Amino acid sequence: MRSGIEGKVMAERSYLQFIGGRPVEGGGGGSIERRSPSDGRLVARYADGTAGDVDLAVAAARTAFEEGPWPRLSGLERAAILNRLADLIRDNRDRLTRIEVEEVGKPIRFARGDIDGAVALTRYAASLAMQMAGTVHTNLGAGKTALITREPVGVAALVTPWNFPALILAQKVPFALAAGCTVVLKPSEFTSGSAFEIAALAVEAGIPAGAFNVVSGYGATVGDHLTAHPGIDFVSFTGSTRTGRRVVANTSTNLVKSSVELGGKSANIVFADADLDAAVDGALTGVFFNNGECCISGSRLFVHARVADGFIARIVERSKALRVGDPFDEATDIGALIDEGHLAKVTAMIAAGVDEGAALILGGRAPAGAPGHFCEPTIFDRVEPGMTIFREEIFGPVLSITRFDTVEEAVRLANDTAYGLANYVWSKDIETVLTVAARLKSGWVQANTAIDGAPQLPLTGVRGSGFGYEMGEAGFQEFTQLKTLLIRTGPRTPVFPAGAWPGPPSPADGRAASAI
Ligand code: NDP
């Protein structure tokens with residue numbers, strides 16, 4: 001087996017909390033051991049954080065926001081520092097890649113892509129640091145001008161999942177910092193290593209102490225306390241729909257605004273007129289990319305009945321050739337799932353598919369003799385909307401196939417889900433693409449491509465997939481707040497023409513100026 005990186009066994013890593021620009025002992029003293037999901041080796045220890053650690057980190061971020069230089073730097077200065085951070089992430093690409101492979105279990109090719117993606121996102125966010133522009137209204141009547149300015153929202157609490165630790169960090173942290181916010185990040189208990197590494201690189205790049213804090217620990221303690229904390233101004237959360245609901249309940253206590261990027265059950269719709277070679281590639285990428293542990297995974301494949309038999313046969317043949325195993329091997333297509341519990345959940349879903357009558361046409365088991373948490377590429381045909389595997393997010397290498405006859409039926413099936421994150425359409429007919437895309441209930445639609453994207457393009461969900469924006473200008477603006485400044489520079493003038501309004505209020509009649 002060919003190792004992706006020479007000497008793949010790294011020294012076991014130990015991380016303290018990262019608060020106020022340096023590693024600090026947490027208040028709890030305990031640690032969380034991370035074992036590699038592919039071979040069980042102990043690879044990292046993270047501090048088992050406490051509410052007290054969160055309080056310290058929020059206080060550090062608050063001080064850095066209210067008194068520190070970061071929000072007061074010019075956009076150009078912030079951009080220069082964020083570009084230095086991008087350089088440092090790039091320079092540490094091999095180390096960060098190994099950490100992601102060891103902690104997540106994902107194939108090295110994908111882990112490397114994540115780090116490259118983190119560099120690209122950081123550079124793009126740097127460019128946005130110079131875009132804190134507002135608007136000026138000059139036609140409000142004689143003697144009145146209004147400035148609508150954009151300010152950093154304040155201290156941002158960021159919570160990330162385990163499937164793309166560095167990449168999703170980079171969808172949040174550089175955007176928040178570009179806006180002038182300071183942050184407290186809680187990474188997943190399974191995959192906290194890259195967050196601590198990148199926080200240390202941020203200090204090296206020149207991001208001031210306290211602007212970027214990381215607190216590791218469990219969601220029920222650290223995550224819950226952080227998202228309900230009265231000292232934060234905004235929460236950006238990525239994770240499951242179940243936890244997202246809890247986070248939104250927490251933010252409602254303090255009326256803090258939030259953006260929640262949640263689960264998905266995306267449809268991949270293949271029309272008969274599609275470029276079927278490209279659609280086969282896209283369907284495979286759609287479901288097996290990142291072990292299927294991907295929020296925008298195209299886990300439900302809908303194929304037009306006219307081309308279904310041949311198309312499905314090709315999908316099955318190509319899936320048989322996928323290599324499952326050592327994630328450090330450059331030839332591996334599917335690595336290890338995140339942990340034993342998750343593998344058990346995925347296999348329970350597969351069992352439910354069989355029990356409920358779907359046709360298992362490939363896979364369904366853990367590969368023989370593998371020591372880690374592996375699952376074969378698995379394909380079900382003849383999946384019906386009432387089945388568990390049609391409705392629930394599996395988050396593993398499991399594809400459900402359903403055939404359709406009409407555009408109407410395809411749209412109805414695709415929308416028959418509680419989620420609304422992404423959908424994919426394959427057709428050479430632009431009218432089909434546009435009309436179907438318009439009818440799909442999801443924040444994101446990709447046509448004739450799969451698991452694609454760019455830092456400029458916002459990701460958003462609807463329905464059970466959440467709300468708010470990540471990436472793009474909209475993602476940047478989530479970390480900002482508008483302020484309206486109305487300036488009177490001359491004598492007061494009526495707002496409405498005579499007759500339509502009783503006249504400007506005078507102090508004598510007690511009407512407040514805010515009434516107009
Ligand atoms: P979880 O919801 O289990 O966890 C996400 C994060 O939330 C983790 O850091 C977790 O901590 C933390 N958390 C858990 N409980 C709480 C709580 N009460 N308060 C605050 N934070 C808490 O998701 P997973 O990590 O299992 O990630 C997989 C899910 O993420 C899938 O549903 C997937 O679709 C979704 N996802 C969505 C994306 C999107 O952009 N829409 C992108 C990627 C994933 P800990 O694990 O340490 O306990």
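Counting starts at 1 for both ligands and their atoms, following the listed order. From a predicted model like this one, the values you see are computed outputs, not experimental measurements. When reading the values below, keep in mind they use all heavy atoms of this one structure, side chains included, and skip hydrogens, waters and symmetry mates.
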Test of understanding: given a 4.0 Å heavy-atom threshold, classify the contact between Glu189 and ligand 1 as side chain, backbone, both, or neither.
both

For Asn250, is at least one N or O under 3.5 Å away from an N or O on ligand 1?
no

min-distance protein heavy atom vs atom 25 (O) of ligand 1 -> Trp162 CD1, 3.0 Å

Can you report which non-hydrogen protein atom sits closest to atom 23 (O) of ligand 1, along with the distance?
Ser240 N, 3.4 Å

Any N or O of Phe237 that comes nearer than 3.5 Å to an N or O of ligand 1?
no

If you measure every N or O of Thr160 against every N or O of ligand 1, does any of those distances drop under 3.5 Å?
yes

What is the nearest protein non-hydrogen atom to atom 28 (C) of ligand 1, stated with its residue, atom name and distance?
Phe395 CE2, 3.6 Å

Specify whether Phe395 and His342 have parallel, tilted or perpendicular ring planes, treating 30° as the upper limit for parallel and 60° as the lower limit for perpendicular.
perpendicular

Single hit among Val383, Asn268, Ile379 for side-chain contact (heavy atoms from CB on, under 4.5 Å) with Leu399:
Ile379

Part of Val222 with heavy atoms under 4.0 Å of ligand 1, whether side chain, backbone, both or neither
neither

Judged by non-hydrogen atoms, does Gly466 sit under 4.0 Å from ligand 1?
no

Do the non-hydrogen side-chain atoms of Val222 and Asp53 ever get within less than 4.5 Å of each other?
no

Hey, can you tell me if Phe479 and Phe234 have their rings parallel, tilted or perpendicular (30° and 60° cut-offs)?
perpendicular

among protein heavy atoms, the one nearest atom 32 (O) of ligand 1 is Glu393 OE1, 2.7 Å

Numbered atoms of ligand 1 (with element) below 4.0 Å of Val159, judged on heavy atoms
6 (C), 7 (O), 9 (O), 12 (C), 21 (N)

Flag for Asp55-His225: side-chain donor and acceptor within less than 3.5 Å
yes

Would you say Cys295 and ligand 1 have an N/O pair spaced under 3.5 Å apart?
no

Closest to atom 44 (C) of ligand 1 among protein heavy atoms sits Asn163 ND2, 3.3 Å

Residue set satisfying side chain to side chain donor-acceptor pair (under 3.5 Å) with Trp444, at least two apart, ordered chain then number -> none

Shortest protein heavy-atom distance from atom 48 (O) of ligand 1, along with the residue and atom involved:
Gly219 N, 2.8 Å

Hey, looking at atom 5 (C) of ligand 1, which of Thr238, Leu158, Thr243 has the closest heavy atom?
Thr238

Take Glu384 and Thr402 through the side-chain hydrogen bond (donor to acceptor under 3.5 Å, both in side chains) test and state the conclusion after the steps.
CA-CA 7 Å; Glu384 303 284 339; Thr402 307; over 6 Å; no

Look only at interatomic distance and state if Thr241 has a nitrogen or oxygen under 3.5 Å from any nitrogen or oxygen of ligand 1.
no

Could you identify the single nearest non-hydrogen protein atom to atom 21 (N) of ligand 1 and state the distance to 0.1 Å?
Gly223 CA, 3.6 Å

Steps toward side-chain contact (heavy atoms from CB on, under 4.5 Å) verdict (Leu167, Glu100):
CA-CA 10 Å; Leu167 191 70; Glu100 299 298 76; over 6 Å; no

